[in-house]
Amino acid sequence: MKYFTMFFLVMMTISFSGCSTKDIASSFNEKDIKIKLVHSESNNDYQSYEMEVTNTGKFEIGYLNFYLYYPVILSYIPVSTYLEALFVSK
């Protein structure tokens, strides 16, 4: 009986310490990640962009995958103008 009581107390302690009512995924907000176009350079051979990513949230981001997509536009608009319109901080 003594071992059963000890086993029961250990299992209860483990089960209560492992449970959490706070949902971490629901408190993350993607709007806390700010993207700002710092510098753009255009040449006949290439286009280069320097962007600044700032995290204003509570969570520390250890690894960030950043994918940039922009549509193919049939009429000519310089891509730097398009990106500046997207990332201008208001």
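- The one candidate from T56, T54, I61 that meets the side chain to side chain contact (heavy atoms under 4.5 Å, CB included) condition with D32 is T56.
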Can Y3 and T5 be said to form a side chain to side chain contact (heavy atoms under 4.5 Å, CB included), step by step?
-> CA-CA 5 Å; Y3 293 114; T5 306; over 6 Å; no

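- When all heavy atoms of E52 and V38 are compared, the closest pair comes out as CB-CG2, 3.5 Å.
- Taking Ile, Leu, Val, Met, Phe, Trp and Tyr as hydrophobic and joining them when side-chain heavy atoms fall under 4.5 Å apart, one finds F7 in a cluster with M11.
- Proximity of a side-chain donor or acceptor of S48 to a complementary backbone N or O of E41 within less than 3.5 Å is not detected.
- Pairing each heavy atom of M51 with each of L37, the nearest pair is CG-CD1, 4.1 Å.
- Nearest heavy-atom pair, N55 versus E60, reported as atom, atom and distance to 0.1 Å: ND2-CA, 4.3 Å.
- Here the CG-CZ distance, from N29 to F59, works out to 10.5 Å after rounding to the nearest 0.5 Å.
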